[in-house]
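First the proteins, then the strands, lettered A, B, ... as listed; each starts at 1. All figures in this text were calculated on a predicted structure; none of them were measured in a lab.
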Number of protein chains: 2
Amino acid sequence: MMELTRKGDYAIRGIVYLASQPPNKISLLSEIAAAVDVPQTFLAKIFQQFSKTGIVKSFRGTGGGFLLAGPPEEITLLQVVEAVEGPILPNRCVLKAGECERDVSCTVHPVWHQVQQKVRGILANITLKDLATN
Amino acid sequence: MMELTRKGDYAIRGIVYLASQPPNKISLLSEIAAAVDVPQTFLAKIFQQFSKTGIVKSFRGTGGGFLLAGPPEEITLLQVVEAVEGPILPNRCVLKAGECERDVSCTVHPVWHQVQQKVRGILANITLKDLATN
DNA sequence: GGTAACAGGACTTGACAAGTCTTTTGCTGC
DNA sequence: GCAGCAAAAGACTTGTCAAGTCCTGTTACC
């Protein structure tokens, strides 16, 4: 249970690599993929999502590549994970109140809510600066 | 991410129903399945796992059925979830030290470990007595 | 305008979740 | 000991989604 998908795993590897580079050094997708040992086409999809959610900036054409959109200490692991895996939801009934069809008083509901809060809290406290190797 | 499977959902529903019954009242699978609105054949598989891990007792033949193996306040949500979903592992690299092939110093490793500990802690603190409706 | 790079969509493959069906095993009560 | 009840066990089906691949488009630089 609660396994991170390989996509999430790759995503973290890729962006940690970016965070470990010198500031303002643009990295090629091919370079990142080779460095973190991930299929380039697959990593491309992941970085497209990063680009859409705004945690990395992308540049096309000659001299193009990827760059962190902000300083590593301002990008959290929570942002990274949720960018590619979607929101952290231990159970469908956590989000919307009316979605827990079974019981009006779902006794399990608050437990999942607590799990969600704790996990998000942990991930939000870790930044790319903490994870970067240098 | 982190979604409980339907199997886990059904498992909780089923065992909470058991916990809500009078002590020592044996419940038929057909009765539980109808009460919690789960396909009986599927619930059968789930209760087989419960039986194997020892959190419920089963009796065959006439007058048979299922019973909690202990008092509701001594069975935790963690036991229930791990019985059907397997151990809680946010990432493959949490368990064995050598399994994190990529980097000798995997910086993300301790984060997942912390997540695992927190989640297990929360679930271990909830018992079936807390969840039973009566 | 040609080449370098990311963007986007369609497609494939395999695994696993979510069930179903059938047979076997064990228990109880006559 | 046999009839019938109820769980155990295994084989099978179906659908979805993860994990990729491939191809075409779009944008930027020179």
Side-chain angles (χ1 to χ4, degrees), chain A residues 1-15 17-18 25-34 36-69 81 83-86 89-92, chain B residues 1-15 18 25-34 36-69 81 83-87 89-92:
Chain A
M1 184 208 173
M2 290 203 20
E3 294 223 10
L4 194 65
T5 64
R6 202 168 304 184
K7 186 170 164 187
D9 188 13
Y10 292 169
I12 296 171
R13 289 195 215 171
I15 205 161
Y17 175 85
L18 265 197
K25 191 223 156 196
I26 290 186
S27 302
L28 285 177
L29 184 64
S30 56
E31 171 196 337
I32 307 171
V36 301
D37 193 30
V38 170
Q40 183 174 338
T41 51
F42 195 27
L43 196 63
K45 301 295 182 190
I46 294 168
F47 271 73
Q48 278 173 32
Q49 291 186 259
F50 280 159
S51 185
K52 274 188 194 169
T53 59
I55 63 182
V56 308
K57 281 192 283 193
S58 71
F59 305 93
R60 303 209 222 192
T62 312
F66 294 94
L67 204 60
L68 286 188
V81 170
V84 295
E85 303 262 31
L89 296 173
N91 192 315
R92 297 152 198 82
Chain B
M1 183 207 175
M2 289 203 21
E3 295 225 9
L4 193 66
T5 64
R6 201 167 306 184
K7 185 170 165 188
D9 188 13
Y10 291 171
I12 295 172
R13 288 196 214 172
I15 205 161
L18 265 196
K25 190 223 157 194
I26 291 185
S27 302
L28 286 176
L29 184 65
S30 55
E31 171 196 336
I32 307 171
V36 301
D37 194 30
V38 170
Q40 182 174 337
T41 51
F42 195 28
L43 195 64
K45 300 294 182 192
I46 294 168
F47 270 73
Q48 279 174 31
Q49 289 186 261
F50 280 159
S51 184
K52 273 188 193 167
T53 59
I55 62 182
V56 307
K57 281 192 283 193
S58 71
F59 305 93
R60 303 208 223 193
T62 311
F66 294 94
L67 206 59
L68 285 187
V81 170
V84 296
E85 302 263 30
L89 296 173
N91 193 314
R92 296 152 199 81

Completion exercise
Whole-Å distance, A:Lys57 NZ to D:dA28 P, equals 14 Å
Problem - A:Ser30 vs C:dA5: side-chain N/O to OP1/OP2 distance below 4.0 Å - result: no
Problem - Donor-acceptor under 3.5 Å (B:Glu85 side chain, B:Thr5 main chain) - result: yes
Exercise for the section: Check side chain to side chain contact (heavy atoms under 4.5 Å, CB included) between B:Glu31 and all other residues, then give those that pass, not counting sequence neighbours. Expected result: B:Tyr17, B:Gln21, B:Lys25, B:Ser27, B:Leu28
Fill in the blank from the handout: The nucleotide from D:dA6, C:dA7, D:dA8 with an atom nearest the side chain of A:Gln48 is C:dA7
Handout entry: Rounded interatomic separation in angstrom, taking CZ from B:Arg6 and P from D:dT14
Key = 18 Å
Problem - A:Phe47 CZ - C:dA7 C1' separation (whole Å) - result: 15 Å
Practice task
Write down the distance between NZ (A:Lys7) and P (C:dG14), rounded to a whole number of angstrom.
Solution key: 20 Å
Could you pull out all donor-acceptor pairs under 3.5 Å where a side-chain atom in residues 51-63 of chain A meets a protein atom, sequence neighbours excluded?
residue, atom, partner, partner atom, Å
A:Thr53, OG1, A:Gln49, O, 3.2
A:Thr53, OG1, A:Phe50, O, 3.2

Exercise for the section: Starting from the first five and the last five pairs of the helix from C:dG1-D:dC30 to C:dC30-D:dG1, work out the angle between the resulting helix axes, to 10 degrees. Expected result: 10°
List the atom pairs, donor and acceptor, that lie under 3.5 Å between side-chain atoms in residues 38-46 of chain B and the rest of the protein, sequence neighbours left out.
none

Exercise for the section: Look at A:Ser58 and C:dA7 and indicate whether a side-chain polar atom (N or O) is within less than 4.0 Å of OP1 or OP2. Expected result: yes
Practice task
Please report, rounded to the nearest Å, how far the P atom of C:dT12 is from the CZ atom of A:Phe42.
Solution key: 18 Å
Practice task
Would you give the length of the straight line joining atom CD1 of B:Ile26 to atom CG of B:Leu18, rounded to the nearest 0.5 angstrom?
Solution key: 10.5 Å
Completion exercise
Readout for nucleotides 21-30 of chain C: B = base within 4.0 Å of protein heavy atom, S = sugar-phosphate only, - = neither; 5' to 3' it is ----BBBS--
Practice task
Could you tell me whether the phosphate oxygens of C:dG19, OP1 or OP2, come under 4.0 Å of any side-chain nitrogen or oxygen in B:Tyr10?
Solution key: yes
